[in-house]
Amino acid sequence: FVIFTVILFSCENSMEQINKVASQKAYTGPLQTAKNVEIIYSDSGFVKARITGPVLNQYISDTVSNVEFPKGVLIVMYDHALKQTSSLKANYAMRREKKQLIEARGNVIAINEKGEQLNTEKLFWDQKTEKIYSNEFVKITTPDKIIYGQGFESNQDFSVYKIFNIKGTVTVEEKEE
């Protein structure tokens, strides 16, 4: 009985110790880190995309789950025949799982199936609406012209797009009636 009483009272913490532990900030770093990552996304047995990057960090909390590629990312999209339809490369990327939104920053380069190339510093890919967009300066290089603008919107494979506030020389074809 004496030993039990000593053990019971020796495990008591002071309110000062409890408050000290409770006031410490929670760890805010990544929950998981992986190096030389390759992720294959598939749907209904078909490969849709391959994502590679030198470092992947995963952050998870009660309300947020994010995947970060702090040292760059390459995303390659495929059709059902595994033919590459587009690609996106950036110095940094973050996927906000809850919003299904990917943000790519730093020397962002997107290339579509026709070989047209988009260059910008920031690009968003909304996976819910299957749209990619940017409010930043954009440059699109096609086989026969270069188009500059402030802002951009496209479908997710970058095959149909709009450029806002176009600058530069653009050739417009007129239809004969």
Show the numbers, then the answer: is there a side chain to side chain contact (heavy atoms under 4.5 Å, CB included) between Leu118 and Tyr161?
-> CA-CA 10 Å; Leu118 165 74; Tyr161 53 84; over 6 Å; no
Taking Gln100 for the side chain and Asp126 for the main chain, is one N or O donor matched with an acceptor at less than 3.5 Å?
->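 Flag not set: sc Gln100 to bb Asp126 has no pair under 3.5 Å.
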How are the rings of Phe124 and Tyr133 set relative to one another: parallel (under 30°), tilted (30 to 60°) or perpendicular (over 60°)?
->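 Ring orientation of Phe124 relative to Tyr133: parallel.
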Evaluate the ring planes of Phe46 and His80, with Trp represented by its six-membered ring, and classify them as parallel (under 30°), tilted (30 to 60°) or perpendicular (over 60°).
->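 If you compare the ring of Phe46 with that of His80, the planes turn out tilted.
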For a quick test of reading the model, state the closest non-hydrogen atom pair linking [X] to [Y] and the distance between them.
{"X": "Ser154", "Y": "Ser159", "result": "OG-N, 4.2 Å"}
{"X": "Gly149", "Y": "Ile163", "result": "CA-CG2, 3.7 Å"}
{"X": "Val67", "Y": "Glu97", "result": "CG2-OE2, 3.1 Å"}
{"X": "Arg96", "Y": "Asn66", "result": "CA-OD1, 3.2 Å"}
{"X": "Asn155", "Y": "Ile132", "result": "O-CG1, 3.6 Å"}
{"X": "Pro54", "Y": "Lys71", "result": "CG-O, 3.4 Å"}

Assess whether side chain to side chain contact (heavy atoms under 4.5 Å, CB included) is satisfied between Glu68 and Gln58, documenting all intermediate values.
-> CA-CA 6 Å; Glu68 174 190 50; Gln58 184 175 27; over 6 Å; no
Side-chain heavy atoms nearer than 4.5 Å, only ILVMFWY residues, links allowed to pass through others: does that put [X] and [Y] together?
{"X": "Ile39", "Y": "Leu88", "value": "yes"}
{"X": "Val37", "Y": "Ile40", "value": "no"}
{"X": "Ile166", "Y": "Ile140", "value": "yes"}
{"X": "Leu56", "Y": "Tyr41", "value": "yes"}

What distance do [X] atom [atom1] and [Y] atom [atom2] have between them, rounded to the nearest 0.5 Å?
{"X": "Leu74", "Y": "Glu38", "atom1": "CG", "atom2": "CD", "value": "10.0 Å"}
{"X": "Phe69", "Y": "Arg95", "atom1": "CZ", "atom2": "CZ", "value": "10.0 Å"}
{"X": "Lys89", "Y": "Asn119", "atom1": "NZ", "atom2": "CG", "value": "11.5 Å"}
{"X": "Ser86", "Y": "Lys114", "atom1": "OG", "atom2": "NZ", "value": "12.0 Å"}
{"X": "Ser134", "Y": "Trp125", "atom1": "OG", "atom2": "CH2", "value": "16.0 Å"}
{"X": "Gln127", "Y": "Ile102", "atom1": "CD", "atom2": "CD1", "value": "4.0 Å"}

Apply side chain to side chain contact (heavy atoms under 4.5 Å, CB included) to the pair Met77 and Ile75, showing each step before the final yes or no.
-> CA-CA 7 Å; Met77 304 291 289; Ile75 302 171; 4.1 Å; yes
Strictly by modelled atom types, are Asn57 and Thr33 linked by a side-chain donor-acceptor pair under 3.5 Å?
->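 Asn57 vs Thr33: donor-acceptor pair found between side chains.
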Of the options Phe164, Phe158, Phe137, which is the one that meets Phe152 in a ring-ring contact (aromatic ring centres under 6.0 Å, His included)?
->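 Single ring-ring contact (aromatic ring centres under 6.0 Å, His included) partner of Phe152 among Phe164, Phe158, Phe137: Phe158.
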Flag yes if more than 12 heavy atoms outside Asp79 fall under 6.0 Å of its CG atom; otherwise flag no.
->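 Yes, CG of Asp79 has more than 12 neighbouring heavy atoms, counting only those of other groups under 6.0 Å.
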Do other residues, nucleotides or ligands put more than 12 heavy atoms under 6.0 Å from the NZ atom of Lys99?
->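 No, not enclosed.
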